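All values derive from a computational prediction rather than experimental measurement.
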Number of protein chains: 2
Amino acid sequence: MSLDLSLYDKVLENRVRLQIMSILVANEHYDFNSLKELLDVTDGNLASNLKSLEKEGYITVEKSFVDRKPNTKYRRTEKGKKSFENHLAALENLIKQQYG
Amino acid sequence: MSLDLSLYDKVLENRVRLQIMSILVANEHYDFNSLKELLDVTDGNLASNLKSLEKEGYITVEKSFVDRKPNTKYRRTEKGKKSFENHLAALENLIKQQYG
DNA sequence: TAAAAGTACTTTGATATCCAAAGTTAAATA
DNA sequence: TATTTAACTTTGGATATCAAAGTACTTTTA
């Protein structure tokens with residue numbers, strides 16, 4: 001039995017943050033409102049989770065106007081991508097332990 | 001983009017509880033002290049996480065004496081196994097979303 | 001036989017996290 | 001000018017986390 005969860009990331013334990021990173025690894029960028037719809041969270045909750053990912057250096061933020069409306073785009077950083085992949089690897093280790 | 005995390009289990013968001021379930025799916029039973037060593041947690045922390053899994057109906061507890069010392073064995077329930085597998089499935093969906 | 005040690009807790013208390021709801025700011029539109 | 005939309009921030013209450021200390025029972029050791 002190995003049980004090495006050294007790659008496990010406390011930041012990504014949270015469902016919303018995990019989903020955000022998942023989306024931002026699959027997509028170059030994604031905006032606030034689209035995230036909100038996809039994740040079914042209040043805007044306050046989404047904003048605070050985005051802020052914590054930003055604080056952690058996992059994502060970057062770009063503000064602009066699109067169609068004359070404010071638009072906030074989020075992108076993963078390299079660090080964020082690495083952390084997400086590491087976290088998934090840790091989870092995969094758990095799974096492999098079961099079936100492998 | 002699907003993002004169906006309906007199988008995601010809040011109880012198993014916690015690292016320690018996830019590891020406990022992982023061990024109890026791979027092994028018929030496991031005792032308190034062995035879990036403690038494997039997971040590197042204080043006994044208070046372990047006990048409270050075990051209790052919450054028991055309360056949730058994910059594990060059962062058997063107390064006995066082994067070598068004249070108290071020994072507490074834990075086993076997964078069917079419900080616990082199902083929940084663990086469902087949770088992993090939800091996580092696998094996330095992963096597949098990336099690479100599949 | 002009294003003290004120490006081991007097992008498996010429970011309790012305490014301090015901190016951290018979570019999250020909905022309400023409030024805010026600024027621009028666009030009616 | 002009032003309303004709406006986007007994207008927050010703030011507030012406050014609930015819940016979670018976790019180390020440390022305390023407890024109960026038993027066995028071992030001095």
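Within the nucleic acid shown, B:D43 comes within 4.0 Å of at least one base atom, counting heavy atoms only. Among the heavy atoms of the strands lying under 4.0 Å from A:K51 are primed sugar atoms or P, OP1, OP2 only; no base atom is included. Within 4.0 Å (heavy atoms only), B:K36 reaches no atom of the nucleic acid at all. Using a 4.0 Å heavy-atom criterion, one finds that B:R15 contacts no nucleic acid atom at all.
Atom CG in A:L53 sits about 13 Å away from atom P in C:dT17, given to the nearest Å. Atom CG of A:N49 is separated from atom C1' of C:dA20 by 13 Å (rounded to the nearest Å). Rounded to a whole Å, the CG atom of A:L12 is 12 Å from the P atom of C:dC18. Rounded to whole angstrom, the span from the CG atom of B:N45 across to the P atom of C:dT10 amounts to 14 Å.
With no hydrogens or angles considered, no side-chain donor-acceptor pair links B:T42 and B:N45 at under 3.5 Å.
For A:K69 and A:V16, each mapped to the nucleotide of DNA chain C holding its nearest heavy atom, the one lying further toward the 5' end belongs to A:V16.
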#### Entry: side chain to side chain contact (heavy atoms under 4.5 Å, CB included) between B:L24 and B:L53, intermediate numbers included
CA-CA 11 Å; B:L24 292 183; B:L53 287 172; over 6 Å; no
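Salt bridge annotation for B:R75-B:E62: present, with a cationic side-chain nitrogen under 4.0 angstrom from a carboxylate oxygen.
With a cutoff of under 4.0 Å to any heavy atom of chain B, the contacted region of DNA chain D is bounded 5' to 3' by D:dT17 to D:dT27.
A centroid separation of less than 6.0 Å is found between the aromatic rings of B:Y8 and B:H87.
When distances run from any side-chain atom of B:K10 to the nucleotides C:dA27, C:dC19, C:dT10, the shortest one goes to C:dC19.
More than 12 heavy atoms of other shown residues, nucleotides or ligands fall within 6.0 angstrom of atom NZ in A:K79.
Using a 4.5 Å heavy-atom threshold, the side chains of A:M21 and A:Y58 count as touching.
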